[in-house]
Amino acid sequence: MEALVWKDTGVETERSLQPPANNDREVLIRVRAAGVCTTDIHMIQGKLNFAKPPWILGHEMAGVVERTGAEVAGWKAGDAVVVDPVVSCGNCTYCQQGKKHLCSRGGELGTTCGQGGYGQYVVVPPSNLYRLPAGMSFVEGAMMEPLNCTMGAVDRVPRMAGAHAVVFGPGPAGLLFAQLAKVYGASTVTMVGMDNERLELGKRLGADLVVNIRSPEERKRLDDMRFDVAIEASGSPDAVRDCFALAASGGTVVLYGLSGLDRPSIVSDQVVGKDLTVVTCISAPHLWEQGIRLTASGRINVKDMVTHPVPFDDAQGVLNDILKGRFRGTKAVILHNKA
Ligand SMILES: [Zn+2]
Ligand SMILES: [Zn+2]
């Protein structure tokens with residue numbers, strides 16, 4: 001099988017690896033689309049210590065059932081699927097509480113546990129599969145994982161209905177947050193960033209106001225505003241600080257981005273003094289189906305966020321561009337060859 005493999009020397013294209021084998025209770029998936037996530041990039045750069053090379057990354061996947069184990073019911077070869085990458089033991093306290101992403105014996109395919117979608121085949125339990133609706137592309141299917149995580153965070157906001165919301169970071173997560181805030185009933189969404197092209201996309205996807213904080217006038221205008229819900233999706237410690245400062249008393253701050261810096265960025269007195277609620281999310285097992293339906297119905301647009309659907313043969317080059325900071329798109333999704 002073909003795969004992009006993260007090695008000590010960098011990311012390398014391989015074309016004749018042995019596909020993984022599924023057991024009687026597992027399904028072999030032929031991955032058709034795999035999203036490139038900032039988490040993957042940070043892992044390669046050594047900023048996140050989830051796994052060591054050699055490793056096949058990629059936790060955002062959609063594909064086709066290639067083969068089912070003898071004990072698997074409900075799925076057959078050829079079924080188009082979205083893959084939930086979080087695998088778990090099914091028996092521990094966390095799993096029993098519906099929080100399988102916290103399972104100490106589990107992990108995430110491509111990130112902490114098992115090989116991911118940068119390779120052409122992955123093995124998963126059938127409980128990790130969702131049907132890709134007719135009319136939804138594999139590229140959109142691969143976007144269901146970042147949608148799931150961001151949706152889980154918005155779902156925890158006590159009251160989005162009628163809120164003035166702000167989103168820091170017009171990257172893939174921020175663009176999903178802007179749309180989700182609207183779906184959950186926000187009255188206005190302000191999007192904050194430093195890249196005009198990405199902010200423009202934010203506007204097209206539903207942000208009411210965009211603010212480029214590189215502009216001193218726009219920065220000043222932002223500082224005079226207050227928000228019921230402030231969402232941090234950039235990973236910048238400065239944006240974390242801004243979120244707490246711009247949150248209205250009694251408001252909610254959503255922390256989503258990772259900075260990779262091991263130092264405090266929250267003033268706890270501000271949280272207590274303003275009576276703020278702080279929420280986050282790394283996976284929402286109970287919301288996969290809902291996210292897929294929101295996309296299928298057109299309420300969430302993931303298609304326009306994927307500026308770079310990348311054929312596998314070009315994937316190594318694009319990944320290197322991202323690693324070197326030369327990538328000018330919003331989201332890259334690797335397209336595997338069909339056979
Ligand atoms: Zn991701
Ligand atoms: Zn468990």
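Ligands are counted one by one from 1 in listed order, and the atoms in each one are counted from 1 as well.
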Within a radius of less than 6.0 Å around CE of M194, do more than 12 heavy atoms belonging to other residues, nucleotides or ligands occur?
no
Go through V27 and R67 one step at a time and tell me if the side-chain contact (heavy atoms from CB on, under 4.5 Å) criterion holds.
CA-CA 6 Å; V27 180; R67 191 166 59 229; over 6 Å; no
Atoms named by residue and atom, protein N, O or S, within reach of the Zn ion (ligand 2) (under 2.8 Å)
C89 SG, C92 SG, C95 SG, C103 SG
Compare all side-chain heavy atoms of V5 with those of L17 and state whether any distance is below 4.5 angstrom.
yes
Should the pair F177 and Y256 be assigned to parallel (<30°), tilted (30 to 60°) or perpendicular (>60°) ring geometry?
perpendicular
Walk me through whether C243 and F168 qualify under side-chain contact (heavy atoms from CB on, under 4.5 Å).
CA-CA 8 Å; C243 279; F168 279 79; 3.5 Å; yes
Taking the cut-offs as 6.0 angstrom to the six-membered ring centre and 45 degrees off its axis, would you call R131 and W75 a cation-pi pair?
yes
Applying ring-ring contact (aromatic ring centres under 6.0 Å, His included) to H308 and F327, what does each step give before you reach the verdict?
CA-CA 10 Å; H308 288 66; F327 182 72; 4.6 Å; yes
Please report whether the ring centroid of F312 lies less than 6.0 Å from that of H336.
yes
Go through the side-chain N and O atoms of T93 and Q96 and say whether any donor and acceptor fall under 3.5 Å apart.
no
Closer than 2.8 Å to the Zn ion (ligand 1): how many protein N, O or S atoms are there?
3
